[in-house]
2 protein chains.
Amino acid sequence: MCSAKPPPLPAAAPPGRSGGRVGGRVTLRELAQQLGVSVATVSNAYNRPDQLSAQLRQRILGAAQELGYQGPDPLARSLRRGRTGVIGVVYDAPLDYAFADPAAALFLGRVAHTIEQAGLNLLLLSSPGNLHPDAQPVRSASVDGFIVYCAAEASTLLGAVLERRLPTVLVDQRSHPAAVQVGIDDAAGASAAARHLAELGHRHIGVVSLELAPERRGGPVTPEREAQPGYQTTAERLRGYRSALPEARIYLTETEQNIPREGEQRAADLLRQHPQITALLCMSDVLAQGALSAAQQLGLSVPHDLSVIGYDDLPSSAALNLTTVWQPTAEKGDQVGQAMLHLLAGEAAPDVQLPTRLIVRGTTAPPPEQTAR
Amino acid sequence: MCSAKPPPLPAAAPPGRSGGRVGGRVTLRELAQQLGVSVATVSNAYNRPDQLSAQLRQRILGAAQELGYQGPDPLARSLRRGRTGVIGVVYDAPLDYAFADPAAALFLGRVAHTIEQAGLNLLLLSSPGNLHPDAQPVRSASVDGFIVYCAAEASTLLGAVLERRLPTVLVDQRSHPAAVQVGIDDAAGASAAARHLAELGHRHIGVVSLELAPERRGGPVTPEREAQPGYQTTAERLRGYRSALPEARIYLTETEQNIPREGEQRAADLLRQHPQITALLCMSDVLAQGALSAAQQLGLSVPHDLSVIGYDDLPSSAALNLTTVWQPTAEKGDQVGQAMLHLLAGEAAPDVQLPTRLIVRGTTAPPPEQTAR
DNA sequence: ATCACAATCTGAAACGTTTCAGACGCCTGG
DNA sequence: CCAGGCGTCTGAAACGTTTCAGATTGTGAT
C-alpha cells in the first residue's frame, strides 16, 4: 500500500549510538561531569560564548555531539529564565472554524509573522467551551502572554486569561483596564455602509448578522437577544447599521457560523419572508458571498433587484465586485503583534483603533422602484 | 480616538490586593508555609484530590484564592512531569502563507481538533528559512512531538526535527524510518486527471505546478530543477501526470506561491506562449481558480476552448464546477492527529496512505478540433 | 489487646537548567 | 613590587513543581 521506504535522508547527525545511552536523554550535568568541567561552564558554552575560551568551548560542543547531547533542555531553560518564548492565542470557537475564516487566517498570519521576528511562537488555544468549561487550556498554558481573538465578553475564557495577569492583547473587544485593546472602528464602517443604502433610497433593509452571543441560534433575532452582551464586533456593527438608518425598516437575522452556506440560507429565508427587502447588509464578506448565491437562487438580480454589502473586504471580494466595508485586517495583525512585543518589553502600549472605509463596487444600486416592490 | 473605557467587566477574581504581594507570583511553597502544611499536600490538593481530606483541600483552595495563588506553575509542572501537552507543527513557509491556503487551513483545523480531545495544543513553528537558518525554533521548542507539514526533503527543518527524537508525524512526505508518515496517493490522483485528459483527446497539455523546491523560482522549469529533490507532493503529482501522458506534449510552468494570482499569471504566460495548449493540469484548486481567470482574460471559453483540472477539491470548487482531484483533506488531519496520539501513548503507528479520486465536473471537454488549434 | 490496613499527611529528592558572586592566575601600568 | 583589571572557570542557590517512600493516626477484624 505504501511506496517502498526510500533510503534514509541525508538527515540528522548519525543516531549517536556510539557513546550515548539508549533511552535516556543526556543532561548538561552529565556532559559537564564527563568533561570534568563545571555545569556553569557548559551552560556558558551554549549561552555566553564570551565567558570561556574558544578552545574549551569547542571541546564541550564536540563532546556534546559525541554523547548525543541535544543542547539545553528548553523546558528547564524556560523555567529558570522565567519566559517561554510562546504567546497563546485564545480563540472562542473550534479551531477548524478559525482556520476556515479567511479574515482570521490573514490576521493570525500577520500576528505570527510579527512576533516571529522576536523569536516568539504562537500557541493555539482554541477552546470549544463544551470541551473544557473551566478554560483549562488557558490556565495551564506555558506562555508569556495572551492574544484574545474572538471571545464573548462574558466568556469564561476571557476571565481565565485576565486572571493569569500576563501581558494580554484583546482584539476587537471592549477595552479593559488590564489589557491592551486593538480593534477597528466597527460602528463607523457599519454606519457608512448603511448610510450608503439610505442615500440610494432603500427603506427595507435586511441585516445578515454574525453571531450575537456564544449560544448558537440562527434565524430571526429577539430583542432580548439583541440586548444581551455578546460579541463586541457584532454588537458594534449592528449599532452602526441602526444608527444610520433611523427611517428604514430593518429585518434582522442571525447566522450560526461565518461561512457562505449560512449566509446563503439565512439570506434566502429572510428574502422569502420579507419580499419588500431591497438591500442586504451582511456583517462579513463571507456571508455576503452566501447572500449573493441566495439572490441568484431566488432569481433576484444584483444590484438591480437587490443590493448587497459585505464587511471585511477580503482579497476575493474585489473579484466578486462586492460593495463592502474595508478593514485593515493585515495591519490589525501587525499592531497586535507590536503591542504584544511592547508589553513583553515592559513598555506600556496604547489601545489602538483602526479605521474602516466603505468600498463601493457593483453590488449596490438604487432600489428597483420608488415604492417597495 | 478610542471609545471611552467602559466599566471593567464582571471579570476575573478581584485583583487580590488583600494578602498577596504586589509583583511577585505566589508559589506553592509559600502557600503551604502559610497554611502550615507540606508542599506535597498542596500539590495533591490540585492533582490528587483523593489523597487528602476534602476538608483540608477546601481550606487549601480557599487560601489559594485568598493569596492569589494561580495554581501550579505550568512550566515547573511540565519540567517535573516530563511532558508539556504541546505539539509543534512545523511549516516550511511563512505562516501567513500557511493560513492563506484553504486546504492547509482545513487540515490544520482537523489536526487541532483531534489532539485537543487529548488535552494537547498546537504550537505553530513556522520558519521562513531565511530568518532562522539554523532551525532555532525547532531546536528550542518545548513540545512532546512534531508534525511536519510542508518541509522540503533536504530541509534543515526536517533534519532538526528528527534530531530531537520526539514522536514525529510527517505529512505528505517521503516516509522515514524514524517517523510516521501520513499522506495521500498523489501520483495516482495526478495520473487519473491526466488520463482523463488523454482520453478526451488532448495532446498539448500545460502543467501549472506548485513549487518544486524551496528556492522560489516561477515560470518555465529546467530539467535540472525538475530532477532535484524538493517537495514530495509536487514531485509525485508531476510524476503522475507524466506517467499517464506518454504521448502528449507537456508544457511545464512553476508557480512561486499557491495563490490564485500566481496561477492566473503563470497560466496566462503559458497559454500565450504555447497557443496549441488545449488543457491545463493545475496542482491545486487554488491555482486552477487562477487559471480559470486567465482563460477568461484571454477570451478562451472553458471547457470549449480550454480544459482545466485542479487538485484538492476545495469546498469552493464545487461552486466553480471545477473538474479536480479530490483528496481527503479532513481525514488526513484526523489521521495525523490520531497517529500522534498513538505515538505519545507509546504505541507504534503505521504509515498511512489515503486515496484520491478524480471528480469530473464541468471544466473538462474534448479539445476544440481534432488537430491542435 | 493485637494486627493489618486504609486514610491522611510529610520530607526530601528529583526535573535540567541559568546566573550570581566569587576564586584563581596572569598581565599591565604605575 | 603592588594595585587593579581582565580572562576563565567554579560552587551553589535558585526556578516551582511532582512524586516516592515513609510516618502517623484511627479503625475494624481477629
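All chains are named by letter (A, B, ...) in the order of the sequence lines, taking the proteins before the strands, and each is independently numbered beginning at 1.
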Next on the checklist: Determine whether a donor-acceptor pair (N or O, by modelled atom type, separation under 3.5 Å) exists between the side chain of B/Asp92 and the backbone of B/Pro214.
Outcome noted: no
Checklist entry - Partners of B/Ser155 by side chain to side chain donor-acceptor pair (under 3.5 Å), sequence neighbours excluded? => result none
Next on the checklist: Is the phosphate of D/dT10 approached by A/Thr41 (side-chain N or O, under 4.0 Å from OP1 or OP2)?
Outcome noted: yes
Checklist entry - Does any non-hydrogen side-chain atom of B/Leu56 lie less than 4.5 Å from one of B/Ile60? => result yes
Listed pairs, N/O of protein and of nucleotides 12-16 of chain D, under 3.5 Å:
unit_1, atom_1, unit_2, atom_2, d
D/dA14, N3, A/Arg80, NH1, 2.8

Checklist entry - Among pairs that include at least one residue of residues 51-60 of chain A, which meet side-chain hydrogen bond (donor to acceptor under 3.5 Å, both in side chains), considering only residues two or more places apart or in two chains? => result none
Next on the checklist: Show, in sequence, the C-alpha distance, side-chain angles and deciding distance for A/Ile87 and A/Val143, and conclude whether the side chain to side chain contact (heavy atoms under 4.5 Å, CB included) test is met.
Outcome noted: CA-CA 5 Å; A/Ile87 302 298; A/Val143 297; 6.0 Å; no
Item to check | Separation between CG of A/Leu343 and CG of A/Asp144, rounded to the nearest 0.5 Å | outcome: 12.0 Å
Checklist entry - Atom CD of B/Gln65 and atom CD of B/Gln70: how far apart are they, to the nearest 0.5 Å? => result 10.0 Å
Shorter than 3.5 Å, N or O on both sides, protein versus nucleotides 21-26 of chain D: list them out with atom names.
none

Checklist entry - Between the main-chain N or O of A/Gln136 and the side-chain N or O of A/Ser140, is there a donor-acceptor pair closer than 3.5 Å? => result yes
Item to check | Rounded distance [0.5 Å steps], CZ in B/Arg139 versus OG1 in B/Thr156 | outcome: 8.5 Å
Checklist entry - Salt-bridged, B/Arg25 to B/Asp73, with N to O below 4.0 Å? => result no
Item to check | Interatomic distance where CG belongs to B/Asn44 and P belongs to D/dT19 [whole Å] | outcome: 9 Å
Next on the checklist: To the nearest 10°, give me the bend of the helix from C/dA1-D/dT30 to C/dG30-D/dC1, comparing the axes of its five terminal pairs at either end.
Outcome noted: 40°
Item to check | Full working for side chain to side chain contact (heavy atoms under 4.5 Å, CB included) between A/Gln232 and A/Leu170 | outcome: CA-CA 11 Å; A/Gln232 164 80 355; A/Leu170 267 26; over 6 Å; no
Item to check | Trace of the side chain to side chain contact (heavy atoms under 4.5 Å, CB included) decision for B/Leu124 with B/Tyr91 | outcome: CA-CA 8 Å; B/Leu124 265 28; B/Tyr91 199 82; over 6 Å; no
Item to check | Residues within residues 46-56 of chain A bordering DNA chain C, heavy-atom distance below 4.0 Å | outcome: A/Asn47, A/Arg48
Next on the checklist: It should be established whether B/Ser38 places a side-chain nitrogen or oxygen under 4.0 Å from OP1 or OP2 of nucleotide C/dG11.
Outcome noted: no
Checklist outcome for this item: Closest heavy-atom pair, A/Gly337 versus A/Ile115, reported as atoms and distance to 0.1 Å, is CA-CG2, 3.9 Å
